[in-house]
Number of protein chains: 2
Amino acid sequence: MKKTVNIQEELQRVSVELFSTQGYAKTSVQQIVDAAGVTKGALYHYFSSKDDLLFDIYDRLLSLQREHLEEIVARGLDPLETMRLICEDVIVTSSDWIREGAVFFRSQHMLSEERQREVKRRRREYNDVFASALARGQQAGVFRTDIPAIVLTANFFANPHYLSHWYSPDGDLTRQELARQLTELYITSLRTPEVKA
Amino acid sequence: MKKTVNIQEELQRVSVELFSTQGYAKTSVQQIVDAAGVTKGALYHYFSSKDDLLFDIYDRLLSLQREHLEEIVARGLDPLETMRLICEDVIVTSSDWIREGAVFFRSQHMLSEERQREVKRRRREYNDVFASALARGQQAGVFRTDIPAIVLTANFFANPHYLSHWYSPDGDLTRQELARQLTELYITSLRTPEVKA
DNA sequence: GTGAACATACCAACTGGTCGGTTCTGAATC
DNA sequence: GATTCAGAACCGACCAGTTGGTATGTTCAC
């Protein structure tokens, strides 16, 4: 009869909570273990450092997004539908993991140099897969080519990025509605504009 | 024959530089004064605290953006043209002050509670002016109403927000090109969609 | 009895900030 | 034009508090 199902998971939970509300730097290890109802000995048994605890958040989120992306691409749908699914998924996922997202975009520079590079590498992987999905749509003629791909890509990532700064899942707007609406906006701007006669 | 044109400005300069590259928490006061070629005495003569030095960055950026916005709105142009100008300006300004922007969106939680509220208040002011410009366009029938204004607004702010994470002024893309392209994308998604027969 | 899972006490290293002192500047006074 | 001197500008040694991390000890399942 364990009360705490898992101390490790509990430490992860309170870390995200504290990091997202106070920021990584303002959260002390002591605060974390107090909130989790354990002591430093427990924390340093499961995590090798405070940095490790932070990276763990990045690791989980990056793996999740990567899996989702590959699953969607593997379906082999047409470019427009693929893009729609990618976009909706990244919004839903980002709003579902909104606390993690807040930490993600705010505390990257608090990671060790090595781990910053690791995060950067894995984000680039995601970016590359997205870029090829974009290019396929351009070759098919459904996505515009009058604007550089890097700008179209940035315009895509901007929304999930900004999410944690304004969206609250407790409000009137559900995740699914939000995802559909932001996707609609993105796809609208992305489609090949009609040439005026 | 002064060598340092202005010690205060030099401290502001190196602070932005260090805060944007290392983050606020990882930058010590000692690092700042070393980089500026002065001592702590000088810093604490011009600034009351490290927090004060950070807030100063927010203050300058917020004031600037506010001025620009009001100047544009005061011209009394039609909603579409007004929106275009607002959008282009915020991109140009954000890319022009990209280091400040990086600090802005990353270190807000490092400010004192009081100053966080101040920043929040002034951002809301900007937001409100923007929202009314948006509403005017909706009433005029040029901006879509099928998507909540809060989502349209978030979609607007997402781009300047994300800018400091990817854009480099040293690359091929100039600020003006970037501004025109992102504005084109935003306006495209914002316009009232044509109803298919 | 052995190793994993924790608790407790503790420390070395930094940090932001202070404070008495020194130097510089410029206006007033003679 | 020399002297004075008040106050701004700045220096640098110092401190109290906090931090991440560790070393040692204890419990307990198998």
Side-chain angles (χ1 to χ4, degrees), chain A residues 1-58 103 106-116, chain B residues 1-58 103 106-116:
Chain A
M1 177 164 160
K2 293 197 207 166
K3 203 160 220 168
T4 47
V5 273
N6 195 330
I7 287 191
Q8 187 173 1
E9 283 177 12
E10 183 65 11
L11 284 167
Q12 291 173 334
R13 230 185 44 79
V14 301
S15 293
V16 170
E17 184 70 26
L18 290 171
F19 290 165
S20 64
T21 52
Q22 307 180 342
Y24 177 80
K26 281 199 170 182
T27 303
S28 67
V29 172
Q30 194 58 50
Q31 269 188 296
I32 296 171
V33 296
D34 286 350
V38 293
T39 61
K40 283 191 183 181
L43 191 150
Y44 281 94
H45 177 71
Y46 291 109
F47 301 94
S48 61
S49 65
K50 192 189 176 189
D51 183 271
D52 196 39
L53 201 55
L54 176 61
F55 180 74
D56 200 60
I57 299 172
Y58 284 84
V103 177
R106 189 196 279 160
S107 303
Q108 201 165 344
H109 49 92
M110 299 305 287
L111 286 169
S112 68
E113 289 283 339
E114 190 189 338
R115 279 172 159 172
Q116 280 191 50
Chain B
M1 176 165 155
K2 293 195 204 168
K3 203 159 219 170
T4 48
V5 272
N6 194 331
I7 287 190
Q8 187 172 0
E9 284 177 12
E10 183 65 10
L11 284 168
Q12 291 174 334
R13 231 184 45 78
V14 300
S15 293
V16 170
E17 185 69 27
L18 290 171
F19 289 165
S20 65
T21 51
Q22 308 183 342
Y24 176 82
K26 280 201 171 181
T27 303
S28 68
V29 173
Q30 193 59 49
Q31 268 188 297
I32 296 171
V33 296
D34 286 350
V38 294
T39 61
K40 283 191 184 182
L43 191 150
Y44 280 93
H45 176 72
Y46 291 108
F47 301 94
S48 60
S49 65
K50 192 189 174 189
D51 183 90
D52 197 40
L53 200 56
L54 177 60
F55 180 73
D56 199 61
I57 299 171
Y58 284 84
V103 178
R106 188 197 281 161
S107 303
Q108 202 165 343
H109 50 95
M110 299 305 287
L111 286 168
S112 68
E113 289 283 339
E114 189 188 338
R115 277 169 160 174
Q116 280 191 50

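A note on names: the letters A, B, ... follow the listed sequences, proteins ahead of strands, and every chain is numbered from 1.
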field: C:dG17 base / B:Lys40 side chain donor-acceptor hit below 3.5 Å
entry: yes

query: Does the pair A:Phe47 and A:Gln12 meet the rule for a side chain to side chain contact (heavy atoms under 4.5 Å, CB included), with working shown?
result: CA-CA 10 Å; A:Phe47 301 94; A:Gln12 291 173 334; 3.9 Å; yes

message: OP1 or OP2 of D:dC10 versus the side-chain N and O atoms of B:Tyr44: is any pair under 4.0 Å?
response: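 Looking at the OP1 and OP2 atoms of D:dC10, neither is under 4.0 Å from any side-chain N or O of B:Tyr44.
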
message: When you measure from the side-chain N and O atoms of A:His45 to the phosphate of C:dC6, is any distance below 4.0 Å, counting only OP1 and OP2?
response: no

query: Which nucleotide, D:dG21, D:dC10, C:dG17, lies nearest any side-chain atom of B:Ser49?
result: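 That would be C:dG17.
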
task: Please tell me which of the listed nucleotides, D:dA9, D:dC11, C:dA5, lies nearest to the side chain of B:Tyr46?
output: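 Of the candidates, D:dA9 comes closest.
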
Length of the line joining [X]:[atom1] and [N]:[atom2], which is rounded to integer Å:
X	N	atom1	atom2	result
A:Phe47	C:dC6	CZ	P	12 Å
B:Asp51	C:dG17	CG	P	8 Å
A:Lys50	C:dA13	NZ	P	19 Å
A:Glu10	C:dA5	CD	P	17 Å
B:Gln30	D:dA13	CD	C1'	11 Å
B:Lys26	D:dT19	NZ	P	17 Å
A:Asp52	D:dG20	CG	C1'	14 Å
B:Leu54	C:dG16	CG	C1'	14 Å

message: Can you tell me how far apart CE (A:Met110) and CZ (A:Arg115) are? Round to the nearest 0.5 Å.
response: 14.0 Å

task: By nearest nucleotide on DNA chain D, pick out whichever of A:Gly41 and A:Tyr24 is the more 5' one.
output: A:Tyr24

task: Determine the contact category for B:Ser28: base if any of its heavy atoms lies under 4.0 Å from a base atom, sugar-phosphate if only primed atoms, P, OP1 or OP2 are that close, otherwise nothing.
output: sugar-phosphate

- request: Looking at every strand, decide which applies to A:Thr27 at a 4.0 Å heavy-atom threshold: base, sugar-phosphate, or nothing.
  value: sugar-phosphate

- request: Specify the closest pair of heavy atoms between B:Leu18 and B:Ala35, including all atoms of both residues, with the distance to one decimal.
  value: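 Answer, listing the atom of B:Leu18 first, then B:Ala35: CD1-CB, 4.2 Å.
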
field: Closest heavy-atom pair and its distance - A:Leu11, A:Ala36
entry: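 So the two residues come closest at CD2-CB, 3.7 Å.
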
message: Can you tell me which residue among A:Phe55, A:Tyr24, A:Tyr58 is in a ring pair (Phe, Tyr, Trp, His ring centres under 6.0 Å) with A:Phe19?
response: A:Tyr24

